[in-house]
Amino acid sequence: MVAAITMFTNSFCLSSSSTFLNSHAVTTTKLLSPVSLYANPTARPREWFPMINATKTSHNLIYFRPFKCPQPASRLLIQCNSVDTAISLWWEAGMLFSVFREIGLNEKETNLLLGKNPTLRSTSLDRIRARVLALQSVGINGFALYRLVIKCPSVLIAEEIDPVISFVRDDLEGKVEAAQLERLFITTEARFLLGFAQKVKLLLHHEVPQEKIAHVLNNANLNKAICCKSVEELERTIAFLKPYHGIEIIVRRPAILNYDLDSQLIPKIRFLEELSGGDANATGTVLRKLPAILSYSLEHMESHVDFMKSYVGLDDREIFKIILVFPNVVSASKERKLRPRIEFLKQCGLNSNDIFKFLTRAPLFVALSFEDNLAHKLGFLVKIGYEYRTKELAVALGAVTRTSCENMQKVIGLFLSYGLSCEDIFYMSKKHPQILQYNPGSLEEKMEYLTEEMGRDVSELLTFPAFLGYKLDDRIKHRYEVKKKTAGTGMSLNKLLSESADRFSTTEQPKSLVND
């Protein structure tokens, strides 16, 4: 049957059609250069416009022969014998190439993709376009969409992806990051995406706050934490963590869901609980303070505990108390930080019990840099009079671990500006080590009030340096204004400020009111 068919196309290059038809056992002659088949008939972009005469051979092969037309045209006239199928394939090919061009793939990349993934050829264009729009609706577009299709072409046809996209877009209001979804689709086999919504809803059922669920999903490995875990395993994990404030821990560090329950979470948490003497609540406190402690291997934690036992001489209870106060002690390098710091304390004359007390009061000592922090503070302390390798020096160094070198320098400079000597500062800091870490601005206000409003000499600080630790408005000013009316201005600073609030409240009333 010979038919004359007039067909319009949508921005399709003949070279792309030629490639597609070749792959479907359609032999063609060399075509003219690609032109748009939507050409404006009045624009005359070419002197000649290609027309194709198609005939069917005895071997069921269709040959397309271009010939010249004396007038430019906006239509392509095809004379053929039984070419309906070929034209349909040609049309589908053009549209398919157009879709991939919209994604960002060039002709070579598209041909390579279709060659490796033949299922894409037989998938309807409507389905592929719908999937592209769905991916764009959750933020995967532009280069991210191009990269995803290149790395995981099945994302365009896998049926398991639609429920995930719908759940993220509609139930989670699109709050899961596009980059996180891209990683999920690239790293997860489509069959493991089944049940994604059910598992996320399980977290919500166990009281992960709705406003925090996106944060949890954005900071976990969705492949390990959700997709590759069964509902039962996820349920077991939540149930196991519950006595240790599990939901709070998951919200603070969602990566905990990445870990395997039996081989990772249970052994590590049981180890900490045994170290605590079976105190699940205290173990939970450690996990709340530093959920990342579970990122360290069991062997790493055991190694640190063994070091504290053998080199420092501490028992399980003491070691856990240090971990409870400062869980990051587990992250400190044994050779670069723990060993040299403990050796320093030993050189200062501290025994095991002293070191235990020191580390519970000044745990940052094991974490601070020696070159950038501790060395400078040691220099300041020695300058004001502390002797090297003494308990006094160790205590003073522990007291200034929480302040910066710059702050410490300003405090010392402030005392010197008020006429105090290095010897005076040394004497005050021995009685009240905290003075070296106070805020210099706050110290100056208190010293100004002491000398100007109260009329006292700054030397009184030598006998009661703790004066500088009280709040100026709530304690110092209030009590001074009350007491000066009955006791005058020469009252003892120690007695004025050290008295408990209850006792002071009974003595601040006038005697006439008390007698009444």
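Across every non-hydrogen atom of H432 and P465, the tightest pair is CB-CG, 3.7 Å. Considering every non-hydrogen atom in both L364 and R402, the closest pair reads CD1-CG, 4.0 Å.
In this structure, CG in L148 is found 11.5 Å from CG in N141, a value given to the nearest 0.5 Å. How far CG of L261 is from NZ of K229: 8.5 Å, rounded to the nearest 0.5 Å. Taking CG of L193 as the start and CD1 of I161 as the end, the distance is 6.0 Å to the nearest 0.5 Å. Interatomic distance, CG of L112 versus NZ of K116, reported as 4.5 Å (0.5 Å rounding). The distance from atom OG of S297 to atom CD of Q264, rounded to the nearest 0.5 Å, is 10.0 Å. Once rounded to the nearest 0.5 Å, the distance linking CD of E273 with CD1 of I266 reads 11.5 Å.
In this structure, K201 forms no cation-pi arrangement with F167, as its terminal cationic atom is not both closer than 6.0 Å to the ring centre and no more than 45° off the ring axis. Both the sub-6.0 Å distance and the 45° axial angle are satisfied by R339 relative to the ring of Y311. A cation-pi contact, defined as under 6.0 Å to the ring centre and within 45° of the axis, links K268 to Y259.
F358 and F365 have perpendicular rings, their planes meeting at more than 60° on a 0 to 90° scale where under 30° would count as parallel. Ring-plane geometry between Y296 and H300 is classed as parallel, the angle between the planes falling under 30 degrees on a 0 to 90 degree scale with a further cut at 60.
Within a 6.0 Å radius of NZ in K321, other residues, nucleotides and ligands contribute 12 heavy atoms or fewer.
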